[in-house]
Amino acid sequence: MFESGTSTDPALAGGAAGAQRVRELVGVALDAVTRASGERPGPIPAGGPRAVANVLAGALADTGVLPEQGIGSASALGELTGLLTAGSVDPAHPWCAAHLHGPTLAVAAAADLVASMLNPSMDSWDQAPVASELERELTAAFARLCYPDAAVPDAVVTSGGTESNLLGLLLAREAGVRHVARGRNAHHSVDRAAWLLGLPAPTVVDTEDPDGIRLPAGAVLVATAGTTDTGAIDPLPALADVAERAGAWLHVDASYGGALLFSRRLAPLLDGLTRADSVAVDLHKFGWQPIAAGLLATREPITALDVRADYLNPDDDMEAGLPDLLGRSLRTSRRPDAFKIAVTLRALGRAGVGALVERCCRRATDLAEAIDRHPGLRLWGRPALSTVLFRPAGATDDQAGDTAVAGIRRDLLDDGRAVLGRATVDGRVWLKLTLLNPEADEAAHVELLDLVASVAT
């Protein structure tokens, strides 16, 4: 080991020597993860926010996170990795199914480490020669996946659904849009994007009744393919008809459901997507990528982000053939997130990723059937993707019942036993399971249902 134990041991990650140092430190980190994981009984630390804060405060009580003299790389990494592991939610645990927050594929995590070691900065070609070319290959392939029949489709890498929705509305605004219409179940980032862009607050329309939608001139209609509450997919073909008749821009937030495109069996659920002007997809949901891994695809080339900064993309460099990276994002310095995505897609292929998506959706269907058969539980409805809503059979359909359902979720969190989500649908509070772990044991999910039923009695 190269641990000095002094205030500094500033070994850099680059080059062969740096790779060896990283290899040694990774061993330290993985040992700490293994030890701390074995000590944690459930998917989340017990005791709630105060208990977690107290543990961290106690561990750092001697000198804090910024000591005058450092404790050395291996010591700091091992100590804080153990704390982070013990104090984190484990998205790979079958009883952790609250949010669109899934486990990562090992190959994607390893690729992310490589990106961190090499640290390409995706704001100019001379900081990321191969990374920029790989990003171009990835975005071209993804654009073609979303728009197989378009002449020149385009795509850019984003930090996730929120940035993709912001960018989609920005492109719409630059195309002349001055009014936003969105469904009741649209993601909150749509309203925030309108606010950031200086557009009026969105008009809420009933996307389940496309015939009743009336759009003014200069509008963007935002549809959703995979809502955060239920996983529902808006009727995209009918909404595309509405947008076409009104001459409106159609943006589809497919942050959750867009990965159905990898499955040839499930892709028909997204019929109509190819008629959208822009599509947001988030591969740190279905896709199993380390955060962040968003993409925005468009039917036409993206030019609205073009900007000149003499130190990054001067005109003469562009004329000489150097690629312009600054016009490929709202951000300047950014990580090479395309690398881990490209490694994963090349490793698994379309069929491999599609099979994982299918497995999660199938398990949601199976779990919904188990809930329907369970005497102590009530199912909200059949899952559209991999989200299942339910509540105890004895919970009354009133405020008292909603309070009891919400309390069950918090009790399980406080005990560290399970991480369930919640959703308010049809005026009632429901417990939510979002199944994003393709390796989860079906029997463990059934045991979780029994746990919820027992807590509710």
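All values below come from the heavy atoms of this structure, side chains included, with hydrogens, waters and symmetry mates left out.
Between the side chains of Tyr256 and Ser386, a donor-acceptor pair is found at a separation under 3.5 Å. For the residue pair Thr230 / Thr227, a side-chain donor-acceptor distance below 3.5 Å is found, with atom types taken as modelled. In this model, no donor atom of one side chain and acceptor atom of the other lie less than 3.5 Å apart for His93 and Asn437. For the residue pair Thr344 / Gln289, a side-chain donor-acceptor distance below 3.5 Å is found, with atom types taken as modelled. Of the N and O atoms on the side chains of Asp426 and Trp380, at least one donor lies less than 3.5 Å from an acceptor on the other residue. No side-chain donor-acceptor contact under 3.5 Å links Asp282 and Ser255. A donor atom on one side chain and an acceptor atom on the other are not found under 3.5 Å apart for His187 and Asn165. Side-chain contact annotation: Arg35 with Thr85, donor-acceptor N/O pair under 3.5 Å absent. Of the N and O atoms on the side chains of Ser121 and Asp123, at least one donor lies less than 3.5 Å from an acceptor on the other residue.
The heavy-atom pair separating Asn313 from Val307 by the smallest distance is ND2-O, 2.8 Å. Of all the heavy atoms in Thr139 and Val156, the pair that sits closest is CG2-CA, 4.1 Å. In terms of heavy-atom proximity, Thr104 sits nearest to Ala109 at OG1-CB, 4.1 Å. For the pair Leu169 and Ala194, the tightest heavy-atom approach, listed with the atom from each and the gap, is CD2-N, 4.1 Å. Minimum interatomic distance between Pro336 and Met122 (heavy atoms only, all atoms of both residues): CA-CG, 3.7 Å. Residues Trp125 and Ser132 come closest through the heavy atom pair CD1-OG, 3.3 Å.
Within 6.0 Å of CD on Glu174 lie more than 12 heavy atoms contributed by other residues, nucleotides or ligands. Atom CD of Glu369 sits in a crowded spot, with more than 12 heavy atoms from other residues, nucleotides or ligands closer than 6.0 Å. Heavy-atom contacts from other residues, nucleotides or ligands closer than 6.0 Å to CZ of Arg308 number more than 12. Within a 6.0 Å radius of CZ in Arg178, other residues, nucleotides and ligands contribute more than 12 heavy atoms.
Paired with Leu221 under the rule side chain to side chain contact (heavy atoms under 4.5 Å, CB included), one option of Asp277, Val252, Leu215 passes, and it is Leu215. A side chain to side chain contact (heavy atoms under 4.5 Å, CB included) with Arg391 is found for exactly one of Leu377, Asp402, Ile408, Val452, namely Asp402.
Looking only at distances, no side-chain donor or acceptor of Thr224 sits under 3.5 Å from a matching main-chain atom of Gly226. Not a single donor-acceptor pair under 3.5 Å links the side chain of Ser278 to the backbone N or O of Thr298.
With salt bridges taken as basic N to acidic carboxylate O contacts below 4.0 Å, none links Arg21 and Glu24. We find that Asp191 and Arg182 are joined by a salt bridge, their nearest charged nitrogen and carboxylate oxygen being less than 4.0 Å apart. Remark: Glu358 does not engage Arg363 in a salt bridge, criterion side-chain N to carboxylate O under 4.0 Å. Taking a cutoff of 4.0 Å between a charged side-chain nitrogen and a carboxylate oxygen, Asp372 and Arg382 qualify as a salt bridge. Using a 4.0 Å cut-off between charged side-chain N and carboxylate O, Arg334 and Asp337 make no salt bridge. Electrostatic pairing of Arg299 and Asp154 does not count as a salt bridge here, judged by no charged N lying under 4.0 Å from a carboxylate O. The pair Arg331-Glu163 meets the salt-bridge criterion, with a side-chain N (NZ, NE, NH1 or NH2) lying under 4.0 Å from an Asp/Glu carboxylate O.
Not counting sequence neighbours, the partners of Asp126 by the side-chain hydrogen bond (donor to acceptor under 3.5 Å, both in side chains) test are Ser124.
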CA sep, side-chain torsions, deciding dist, call: Trp430, Val405, side chain to side chain contact (heavy atoms under 4.5 Å, CB included):
CA-CA 7 Å; Trp430 298 81; Val405 172; 5.9 Å; no

So His374 and Asp450, side-chain hydrogen bond (donor to acceptor under 3.5 Å, both in side chains) or not? Walk me through it.
CA-CA 8 Å; His374 201 293; Asp450 292 337; 2.8 Å; yes

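Within the 4.5 Å cutoff, side-chain heavy atoms of Leu420 are placed close to those of Leu412. Side-chain contact between Phe286 and Cys361: present, with at least one pair of heavy atoms (C-beta onward) separated by less than 4.5 Å.
Taking NZ from Lys285 and OG1 from Thr434, the interatomic distance works out to 10.5 Å, rounded to the nearest 0.5 Å. Distance check: Arg410 CZ to Asp414 CG gives 10.5 Å after rounding to the nearest 0.5 Å.
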